[in-house]
Amino acid sequence: MRLAAGVRERVAAVHGGGRLPQRLRLYDGWAARYDQDVAALEYRAPELAAASLAFAFPAPPAGARLLDVACGTGLVARELHRRGFRCLHGVDGSAGMLERARSTGLYRRLRPCVLGREPLPAPAGGFLCLTTRSNPSNLRYKVELEAALERLERQGAWQKVLAQDVERWERATSEEESTQGTGYISGVVYVYRKCPVPPLEEG
Ligand SMILES: C[S@@+](CC[C@H](N)C(=O)[O-])C[C@H]1O[C@@H](n2cnc3c(N)ncnc32)[C@H](O)[C@@H]1O
């Protein structure tokens with residue numbers, strides 16, 4: 001079935017959104033229609049992110065402290081809740097998206113944070129999850145994102161648990177974006193674990 005023109009235009013506008021400040025403004029404007037538009041895209045990232053976290057965190061989920069990075073409207077939290085996770089924190093660079101996430105009532109704390117520009121809040125002993133698209137128009141952002149994650153690792157703050165490439169992430173809005181003519185784009189789920197703070201040396 002063809003994507004409705006309105007959905008295709010809104011999604012293509014955000015995907016083609018240029019530099020970060022402009023992109024975040026586009027997310028602000030998209031927040032009210034985001035959930036219904038990504039449903040039309042058959043968007044699987046929230047379910048995949050929650051499955052990866054459940055895999056990475058085999059202990060009972062209720063006590064797991066999770067940071068949902070670029071949490072958007074809270075779709076990942078909804079999936080995590082279904083899997084028994086309760087201690088959820090979220091950050092996002094778009095105030096419009098954060099407002100939607102807040103209205104779900106699923107997060108203990110939500111904070112504005114622009115990844116790569118500001119430090120991430122770091123719940124002790126926690127995990128973070130993050131997802132991004134691998135379609136051509138997102139590649140520059142994906143490279144920036146991975147550089148920011150690598151910096152966090154080099155600083156000893158977070159340790160990579162997994163970076164999982166996934167096909168059929170969501171429907172493509174154009175032939176050029178589609179992976180090998182499948183009509184879908186691919187994406188990546190990242191899971192990181194907070195490094196323990198090293199004990200102070202005596203003496
Ligand atoms: C495609 S949405 C994904 C939202 C949510 N994780 C989901 O799966 O529905 C991307 C989100 O990332 C946020 N975002 C994009 N770049 C960001 C950055 N550098 N720092 C913080 N948030 C960012 C946007 O505001 C948006 O809410």
Side-chain angles (χ1 to χ4, degrees), residues 7 10-53 66-83 85 88-104 106-107 109-121 127-135 137-152 158 164 166 168-173 177 184-192:
V7 177
R10 284 191 292 277
V11 176
V14 177
H15 285 194
R19 311 292 303 177
L20 190 57
Q22 186 200 357
R23 184 183 280 243
L24 292 175
R25 276 198 300 278
L26 287 165
Y27 274 111
D28 278 339
W30 193 25
R33 291 176 125 139
Y34 177 85
D35 288 6
Q36 79 192 50
D37 285 356
V38 298
L41 286 179
E42 300 169 29
Y43 179 61
R44 297 199 299 141
E47 164 194 335
L48 295 164
S52 294
L53 274 164
L66 302 182
L67 179 62
D68 181 4
V69 178
C71 63
T73 59
L75 294 181
V76 174
R78 201 164 71 189
E79 292 295 328
L80 287 168
H81 238 246
R82 285 196 322 119
R83 289 171 178 270
F85 291 92
L88 308 178
H89 293 218
V91 291
D92 200 282
S94 152
M97 286 291 197
L98 277 175
E99 198 181 311
R100 295 267 148 185
R102 192 159 287 117
S103 74
T104 67
L106 296 176
Y107 293 92
R109 267 196 90 183
L110 281 163
R111 265 181 48 179
C113 174
V114 177
L115 188 65
R117 310 270 161 93
E118 297 169 86
L120 282 175
F127 282 63
L128 73 73
C129 75
L130 177 60
T131 63
T132 200
R133 292 173 277 106
S134 306
N135 54 322
S137 65
N138 197 50
L139 287 185
R140 190 170 66 186
Y141 175 69
K142 182 167 173 268
V143 167
E144 283 173 19
L145 185 71
E146 288 181 347
L149 290 171
E150 277 164 26
R151 274 199 301 280
L152 289 177
W158 295 88
Q164 190 180 358
V166 183
R168 295 176 80 89
W169 184 261
E170 68 186 41
R171 290 176 68 179
T173 53
E177 292 283 78
Y184 287 81
I185 64 172
S186 21
V188 195
V189 177
Y190 306 91
V191 173
Y192 280 69

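From a predicted model like this one, the values you see are computed outputs, not experimental measurements. Whatever order the structure lists ligands and atoms in, that order sets their numbers, starting from 1.
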Discussion item. As a test of understanding, state which of Glu42, Arg171, Glu177 forms a side chain to side chain donor-acceptor pair (under 3.5 Å) with Tyr184.
Written reply: Glu42
Worksheet item: Under 30°, 30 to 60°, or over 60°: which ring-plane class applies to Tyr34 and Trp30, parallel, tilted or perpendicular?
Response: perpendicular
Practice prompt. Please list, chain by chain and in numerical order, all residues satisfying side chain to side chain contact (heavy atoms under 4.5 Å, CB included) with Arg100, sequence neighbours excluded.
Written response: Ala31, Ala32, Thr73
Discussion item. Tell me whether the count of non-hydrogen atoms from other residues, nucleotides or ligands lying under 6.0 Å of CZ in Arg44 goes above 12.
Written reply: yes
Worksheet item: Considering the options Val114, Asp68, Leu120, which one meets the side chain to side chain contact (heavy atoms under 4.5 Å, CB included) requirement together with Val91?
Response: Leu120
Worksheet item: Is there a donor-acceptor contact under 3.5 Å from the side chain of Asn138 to the main chain of Arg133?
Response: yes
Worksheet entry | Those protein residues which place at least one heavy atom below 4.0 Å from ligand 1 | Leu20, Leu24, Tyr27, Tyr34, Tyr43, Pro46, Ala70, Cys71, Gly72, Leu75, Val76, Asp92, Gly93, Ser94, Met97, Cys113, Val114, Leu115, Tyr141
